[in-house]
Amino acid sequence: MFLDFMREVELSLLSALERSGFKVGMSLNNLELDRSPHADLASSVAFRLAPELKRKPASIAAEIHQALPAEFWFVGRAECIGPYLNFFMSLRFLNEVLEQAIADNCWFGGLKEKVIVEHTSANPDGPLHVGHIRNSVIGDTLVRILHRAGCTIEAQYYINDMGRQEAMVVWGADHFRLENIKNDHAIAQVYIAAHKAMESQPEIKREADEIIRQYEAGDSETESKIKSAVKFALSGIEETLQRLDIHHDSYHWESEFVRNGDVDKVIAKLEETGLTIWKDGALQLDLTSHGFEKNMILRRTDGTSLYITRDLAYHRWKAANCDRIVDILGADHKLISSQLKTALNLMGIREPEVVIFEFVSLPTGSMSTRRGKFISADEVLDEVESRAFEEVSKRRPNESEEFRRGVAKYVASGAIRYDIVKVSADKATTFDWRQALDFEKLSAPFIQYSYARACSILRKAENIDTYNPDLLKGHDEVALIKKIAEFDLVIELAARELKPHTLATYARELAEAFNQFYRYCPVLESRDDLRLARLALVKASRNALRATLETLGIQALEAM
RNA sequence: GGGCCCGUGGCUUAGCUAGGACAUAGCACCGGGCUUCUAACCCGGGGGUCGCGGGUUCGAAUCCCGCCGGGCCCGCCA
């Protein structure tokens, strides 16, 4: 696949440079290779060499071109256009891509690390809203991408059971009735009510603090109240995640790190750094020498622990149990996560790779569970699903209701996932119903539809025993094969840089390439060898589309 | 006030980490294509001071500095 082609270009270029006596640094992409509209891979390394050699880039490029090997394997030809060196894929390479794609054996990379990805980790105080699921979708897509790249993955949910918000939930559940609605929504109601009550009765804050204190002290009645409230809310949250095909492999309660003594160990370890001080009755870590203006509080005056300390213990545990730690966090965690990294460094513990996503807000402003100001993921799923049902009913009026319901369900979940994942994480967004309900080109149904078309052709065709790949020379055929070949490159880059949106872009391009082929290259209508060759390409495309959809967590529908 | 992030056609957006050959797509708009493998599709068209101003460079959407606009954060909350 593409990485093999690229490796050959790199090696050829390196040897040509050496033969010509040119030296380039060993920095990343020192060969100045890039994908280009003019070639499958282009190098502008001549520009880099020009100043020190005091020669014109074009003449340097020509010399390098002369020194390139006479024979290639996956490279078909190399041309020199002015200062640029352009490399093109060989027919042999395209045939190899096709063969691997048909055999379905090229969709997993060679990475071997064990990675723990923590995502969602929403407080169990209400349902997931459209901001939370940006975390879930980015996290779950990264889990799938890393898995594709070859890694062993564990998706974890970190449960904040010791925070004040959970104490408020318990207080609310003690004073108000839980309505008979979806569990997480019922919890939100009492949580919101508790907060409202606190406005006129400030003593509630002290009662909540007392709940925290008792929980940390191990009071059994408090413990059972908190645990049941958490589990209750979580069951609703899981239901929502399920609809988006998002699953966690394990759950870790922050209280677990207090109970097993890890929090104390971490604090003891931080005390060894000599940077801790007692101030105003609380244990603090002075990070001013590391650029933080405020001290990090490690233990409250009343002796209870804080989120950051428990999180340090959790990360210490993660570091000991995997090769790569990935955290998905909202933009409000930027400061705290850099403090966390600094503190971990002080203890000599590997720091996590933190993927920060910017906020999702409503046209009316930012969301808040506490104030009941949010659009829940459930609402969005319901609305999108009903719109999808109308759409599929309009387009496939003769299909059974069961079929249409099934399609609508997966179109809805896919559309929401794609709508979220297609935007780069560092872009703040405003939730937009119109965009969420758009099922056209820049959306999941566009890709699902391409897949369904490929499946439809294959259903009507015989098995392909042999085929002659050399017949696939048309522009749309070649473009499609090249796009299929890019899969491994896209996965590797996305896995390395933790940028799931690049896969969304690839998915759109792949579907587009298939749709163009579909429009201009009749398959079932073609005869003999051409029919077989095109069928082979359809099968390769179907496999590529399936792998891409699966990695995005979007259901691949054989008919829609 | 300080820190981090963002600012690309009317709207949404890729490219920015590793500066290079005409700046990506979608929506909306205009026009064309279903007796042909599912038209949730395909083709063509118009539409851009890449926020503004400096700088570095042979070359800047991309790097540096300043400014403007927006978001997030600066709790013994999480």
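FYI, side chains are in, hydrogens and waters are out, and symmetry mates aren't considered; it's all heavy atoms of this structure. This structure is a prediction, so every number in the text was calculated from the model and none was measured. Below, chain A is the first sequence line, B the second, and so on; all start at residue 1.
- Contact annotation: side chain of S456(A) to base of C37(B), donor-acceptor pair absent below 3.5 Å.
- G1(B) is paired with C74(B) under the criterion used here, namely a Watson-Crick or G-U wobble arrangement in which both key atom distances are under 3.5 Å.
- Going from the P atom of G7(B) to that of C64(B) covers 14 Å, rounded to whole Å.
- Residues satisfying the side-chain contact (heavy atoms from CB on, under 4.5 Å) criterion with S393(A), sequence neighbours excluded, are F389(A), R404(A).
- Rounded to whole Å, the P atom of C11(B) lies 23 Å from the corresponding atom of C68(B).
- Judged by distance alone, the side chains of D529(A) and Y467(A) never bring a donor and an acceptor atom under 3.5 Å apart.
- As the counterpart of C29(B), G45(B) is assigned, both hydrogen-bonding distances of the Watson-Crick or G-U wobble pattern falling under 3.5 Å.
- Here N86(A) lies in heavy-atom contact (under 4.0 Å) with a base.
- For the ring pair (Phe, Tyr, Trp, His ring centres under 6.0 Å) condition, no pair includes a residue of residues 490-512 of chain A, sequence neighbours left out.
- Judged by distance alone, with hydrogens and angles left aside, the side-chain atoms of E216(A) form no donor-acceptor pair with the main-chain N or O of S255(A) at under 3.5 Å.
- Within the structure, every pair that satisfies the salt bridge (Lys or Arg N to Asp or Glu O under 4.0 Å) test and touches residues 499-513 of chain A, not counting sequence neighbours, is listed here: K441(A)-E512(A), K483(A)-E509(A), R508(A)-E512(A).
- Side-chain contact annotation: D327(A) with H315(A), donor-acceptor N/O pair under 3.5 Å present.
- Considering only side-chain N and O atoms, H501(A) lies under 4.0 angstrom from the phosphate OP1 or OP2 of G15(B).
- Here R77(A) pairs with E79(A) in a salt bridge; the nearest charged N to carboxylate O distance falls below 4.0 Å.
- T505(A) comes within 4.0 angstrom of no nucleic acid atom, judged by non-hydrogen atoms across all strands.
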Every protein N/O within reach of nucleotides 55-64 of chain B N/O, cut-off under 3.5 Å:
none

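- Within residues 528-539 of chain A, no residue has any heavy atom under 4.0 Å from RNA chain B.
- Between the P atoms of C50(B) and A21(B), the separation comes to 15 Å (whole Å).
- Distance check on atom P: C72(B) versus C77(B) gives 22 Å, rounded to whole Å.
- Note on residues 295-309 of chain A: pairs passing salt bridge (Lys or Arg N to Asp or Glu O under 4.0 Å), not counting sequence neighbours, are D264(A)-R299(A).
- A sub-4.0 Å separation between OP1 or OP2 of A14(B) and a side-chain N or O of S424(A) is present.
- For the C1' atoms, the distance linking U17(B) with C58(B) amounts to 24 Å, nearest Å.
- Here salt bridge (Lys or Arg N to Asp or Glu O under 4.0 Å) pairs that include residues 329-343 of chain A, with residues two or more places apart or in two chains, are K334(A)-E358(A).
- By the side-chain contact (heavy atoms from CB on, under 4.5 Å) test, K539(A) pairs with I102(A), L458(A), I464(A), R542(A), N543(A), sequence neighbours left out.
- For residues 408-437 of chain A, the set of pairs meeting the salt bridge (Lys or Arg N to Asp or Glu O under 4.0 Å) definition, not counting sequence neighbours, comprises D140(A)-R417(A), D419(A)-K422(A).
- Nucleotides G3(B) and C67(B) have their P atoms positioned 10 Å apart, rounded to a whole Å.
- Looking at heavy-atom distances under 4.0 Å, E497(A) makes contact with a base.
- Around CZ of R459(A), the count of heavy atoms belonging to other residues, nucleotides or ligands within 6.0 Å exceeds 12.
- Between the Q284(A) side chain and the M296(A) main chain, no donor and acceptor come within less than 3.5 Å of each other.
- Side-chain nitrogen and oxygen atoms of R508(A) include none within less than 4.0 Å of the OP1 or OP2 phosphate oxygen of U13(B).
- By the side chain to side chain donor-acceptor pair (under 3.5 Å) test, E256(A) is found to be paired with H252(A), residues two or more places apart in sequence or in another chain being considered.
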| said: One character per nucleotide, please: for nucleotides 39-47 of chain B, 5' to 3', B when the base has a protein heavy atom closer than 4.0 Å, S when only the sugar-phosphate does, - otherwise. | reply: SBSSS----
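- The gap from the C1' atom of A61(B) to that of U13(B) amounts to 14 Å, rounded to the nearest Å.
- The K460(A) side chain lies nearest to C37(B) when the options are C73(B), A78(B), C37(B).
- On the C1' atoms, G53(B) is 15 Å away from G69(B), given to the nearest whole Å.
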| In the 5'-to-3' direction, what one-character label does each nucleotide of nucleotides 2-12 of chain B receive under the scheme B = base within less than 4.0 Å of a protein heavy atom, S = sugar-phosphate only, - = no such atom? | --BSSS----S
